[in-house]
Amino acid sequence: MITPAFDLSQDPDYLTLNIRVPYTRTSAFDLFIDGTDFKFFAKPYFLRLSLPGRILEDGREKAKFDIDKGLFTLRVPKETPGEHFEGLQMLTSLLAPKGSRSAKPLVEDLRSFSIQGAENYEEDDEEDFDWQVEQEVYMESSEGELGAQQKYGFGNQRSGVFARLQDELSDVIDVKNPEGTTAAERRQARLEAEASAFSPDHYLADLFEDDEVKRLLKFRPWWTKLSPSPELEGEAAVSFTDDEKEQLRKFNNRSYLLDKASRHHTWLGLADILLPYSYEMRSTEGEHNVESPWTIRKLSGTLCWLETYSSLQEVLVSFGRRVLCYPLHRHFALVSSALSDTAKIFQSGKACVLKCLLDIHKVFRENDPAYILNDLYLTDYCIWIQRVKSKKVTAFAGLLQKASLQKKDLELELEELEEAAAMVVDEERDGEQGASQSAAISRGDSSGASSDSTSSSSLSDESEESEAEGQSCTEFNQGGGGGGETSKDSPLQPQPTSAAFPIPQEPTSTLFSVERKVDTLPSASEGTKQLIQELGERLVEELEISHDSSHRAGRNSAPLSSGEANTEATSERSSSGTFLKLSPRINPLLIVQTQDDPDDSDFIS
């Protein structure tokens, strides 16, 4: 038989059942209604439900079948008009327990099959939260007993699972040897791993550059938009998708034997799973991605380290430490927002809790090998929460709302880090202000000193010019030997002539003077200076010192006295060329020597 898709709704007087049975015969419907029992048969579909309230068959029931949609709708009156049926959305709990054809569990809850046992079970279920868990004196166990006591999973009822899944072990949990590691050893290893993974630089970067975090804090998850419904005794009206309803129908209905301590651990484990889910929903803004399975698993000590907590404060501290150690956004404000979001989930009722668990179940189901965590925790939580009384969920929500978590509780020296970082930021800010002030002062000093430097530089330039001119004249008069070649580094320095045939100094000194005056002119551009320099160089290149011309000029000159002859001889020995031979291409000059007085020579152009 096939269990059809179904859902239930109600009004004050009637219960409505919508059963989807496509491809069936319209004349083959069988119904059975008896108090809380309801049975429906339409080959090949069969549905059996255990209702939370009593219905009756008195002729007021109505049924219709939509052939196009394959939807059978039945409207049945309630035995007590105005009664509210609780948990109609908990589809798994509505399905009656299956018969003996299914494999029996190793331990069965026999109280569900007897009236007296059912009453006792209800009494246990109605108990208020008592967080004063009984403590026992520590008794050291033998090595063999320790191996048999390593339990994990929902209610610490599983063992030996990872002994068969060694290949997937490292991809699912961080415990190296879960089968041979005690709960205390797992906790110590978790704390050491968190201390090693904590990065002060990453934390401080998210603390001071928090634009992205502020944007995430403004996001509102879907459960924050829920409002309490008067019909549901203060719980929010939550609707399930078709996929979620289908998953609820696939779960096997079962009961769990949990003692007081196990129930305590189960509630704390549920909070440790929903806290990372709240963080992940806010960090992705409600849209899961490929990192979602890793984020939920990594931030939960229950899922990642098979942790068993004994107090709600331990859960909050563990979650806060892991948020600041592993995900992308490591900000304490996200820890606080996840805590308030989780409290809102529990406050909205067990239907909201179930919807969140189904979402996590889907995320893990689509990820390999995170689906193992569904078998260990999520599937059992989805079934168990449907049988929990609503007032217990509300009471646990009150505990979460009263809980508080501070930075010092995480034992990561966050306050010291923030204080040191704030001091560094203040010092840098003060340094930048001082640098800006000193730069302004230096700009003022430089502007005041620029005028003085300009005047002094002009004076120094003038003095340098005069000294250079005097030095050049001295060089021209003193001269030096060295053949008829021009120096490469200083091409404008001609060799001095003898006393009999003096070389005209006025044009050369004039050239030097003009160049220097051009250099000192503030209005002269660089192009003008370069042009004058090139013209001077080309003019000097055309000047050739001719040794032969000096001899010819000596033969044609008048006879000299003995003193003058000695002077000329000395001048000829010290200087190789005495006359300038001008090139006619540039500016031909004719040098004529007067026969009377060589010292009063005139240069005619």
Side-chain angles (χ1 to χ4, degrees), residues 1-10 15-21 36-40 45-53 85-105 107-109 111-113 118 121-122 125 153-155 157 232 235-258 263 266-267 269-270 273-274 277 345-346 348-365 371 373-390 392-393:
M1 291 293 181
I2 300 175
T3 300
F6 71 97
D7 61 76
L8 295 85
S9 60
Q10 62 180 331
L15 177 68
T16 303
L17 298 93
N18 298 314
I19 307 173
R20 189 175 300 277
V21 285
T36 59
D37 293 336
F38 172 81
K39 297 181 178 67
F40 169 83
Y45 301 99
F46 176 75
L47 178 64
R48 179 177 57 192
L49 300 176
S50 296
L51 301 174
F85 290 179
E86 182 183 356
L88 293 181
Q89 295 175 317
M90 310 298 153
L91 303 184
T92 306
S93 62
L94 296 177
L95 294 172
K98 295 185 178 180
S100 59
R101 287 176 177 264
S102 60
K104 292 184 179 181
V107 179
E108 289 189 53
D109 185 3
R111 294 179 295 181
S112 60
F113 299 100
Y121 186 82
E122 283 295 323
D125 195 48
F154 176 83
Q157 295 182 338
L232 300 178
E235 292 188 4
V238 179
S239 59
F240 293 90
T241 64
D242 293 338
D243 293 338
E244 291 170 344
K245 293 177 181 177
E246 178 65 24
Q247 186 59 48
L248 287 173
R249 289 190 291 268
K250 290 180 180 179
F251 289 143
N252 295 327
N253 193 7
R254 67 186 73 166
S255 58
Y256 299 92
L257 284 174
L258 299 176
R263 287 198 300 270
T266 301
W267 279 102
L270 178 61
I273 293 174
L274 292 182
Y277 173 75
I345 292 174
F346 280 97
S348 300
K350 65 180 183 180
C352 184
V353 176
L354 177 60
K355 188 175 180 67
C356 295
L357 290 173
L358 289 173
D359 195 13
I360 301 173
H361 191 281
K362 180 181 179 181
V363 170
F364 287 167
R365 188 171 66 246
Y371 67 89
L373 298 175
N374 284 343
D375 296 337
L376 288 176
Y377 293 97
L378 272 303
T379 299
D380 292 319
Y381 269 114
C382 290
I383 299 172
W384 172 78
I385 196 62
Q386 299 182 57
R387 305 189 65 174
V388 173
K389 294 298 180 181
S390 298
K392 285 195 169 185
V393 179

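The model shown is predicted, which means the values in this text are computed figures rather than measured ones. Heavy atoms only: backbone and side chains are in, while hydrogens, waters and symmetry mates are out.
Contact record, Cys382 with Leu354: O-CD1, 3.5 Å, taken as the closest heavy-atom pair. Shown here for Asp242 and Arg249, the closest heavy-atom pair between the two residues is O-NH2, 4.5 Å. For the pair Arg387 and Ser255, the tightest heavy-atom approach, listed with the atom from each and the gap, is NH1-CB, 3.1 Å. Listed here is the closest heavy atom pair of Pro4 and Val21: CB-CG1, 4.0 Å. Summarising the geometry of Leu257 relative to Gln157, their closest heavy-atom pair is O-NE2, 3.1 Å, with the distance given to 0.1 Å. Between Thr92 and Leu248, the shortest heavy-atom contact is OG1-O, 2.6 Å.
Atom CD1 of Ile385 and atom SG of Cys352 lie 11.0 Å apart (nearest 0.5 Å). The distance from atom CG of Leu94 to atom CD of Gln89, rounded to the nearest 0.5 Å, is 10.0 Å. Rounding to the nearest 0.5 angstrom, the gap separating the CD1 atom in Ile2 from the CG atom in Leu47 is 12.5 Å. Atoms CG and CG, on Leu88 and Leu49 in that order, are 10.0 Å from each other to the nearest 0.5 Å. The structure places CG of Leu357 at 5.5 Å from CG of Leu274, a figure rounded to the nearest 0.5 Å. Atom-to-atom distance recorded for Leu15:CG and Ser9:OG is 7.0 Å, nearest 0.5 angstrom.
No side-chain heavy atom of Phe40 sits less than 4.5 Å from a side-chain heavy atom of Leu17. Taking 4.5 Å as the limit, some side-chain heavy atom of Trp384 sits within range of a side-chain heavy atom of Leu258. For the pair Tyr381 and Leu270, the minimum side-chain heavy-atom distance is below 4.5 Å. Annotation: side chain of Leu95 is in contact with side chain of Phe6 (closest heavy-atom distance under 4.5 Å). The shortest distance between side-chain heavy atoms of Phe251 and Leu91 does not fall below 4.5 Å. Side-chain contact between Glu86 and Lys350 is present, with heavy atoms from C-beta onward closer than 4.5 Å. At a threshold of 4.5 Å between non-hydrogen side-chain atoms, the residues Gln247 and Lys250 count as touching.
In this structure, the side-chain contact (heavy atoms from CB on, under 4.5 Å) partners of Asp380, at least two apart in sequence or on a different chain, are Phe154, Arg158, Arg254, Tyr256. Applying the salt bridge (charged side-chain N to carboxylate O under 4.0 Å, His left out) rule to Arg20 yields no partners; only residues at least two apart in sequence or on another chain are considered. In terms of the ring pair (Phe, Tyr, Trp, His ring centres under 6.0 Å) criterion, Tyr377 has no residue partners (sequence neighbours excluded).
Checked by atom type and distance alone, the side chain of Thr379 pairs as donor or acceptor with a backbone atom of Asn374 at under 3.5 Å. Judged by distance alone, the side chain of Lys355 and the main-chain N or O of Ser239 form a donor-acceptor pair under 3.5 Å. Judged purely by atom type and a 3.5 angstrom limit, Glu244 has no side-chain atom pairing as donor or acceptor with the backbone of Leu358.
Residue Lys245 qualifies as enclosed at atom NZ: its count of foreign heavy atoms under 6.0 Å is above 12.
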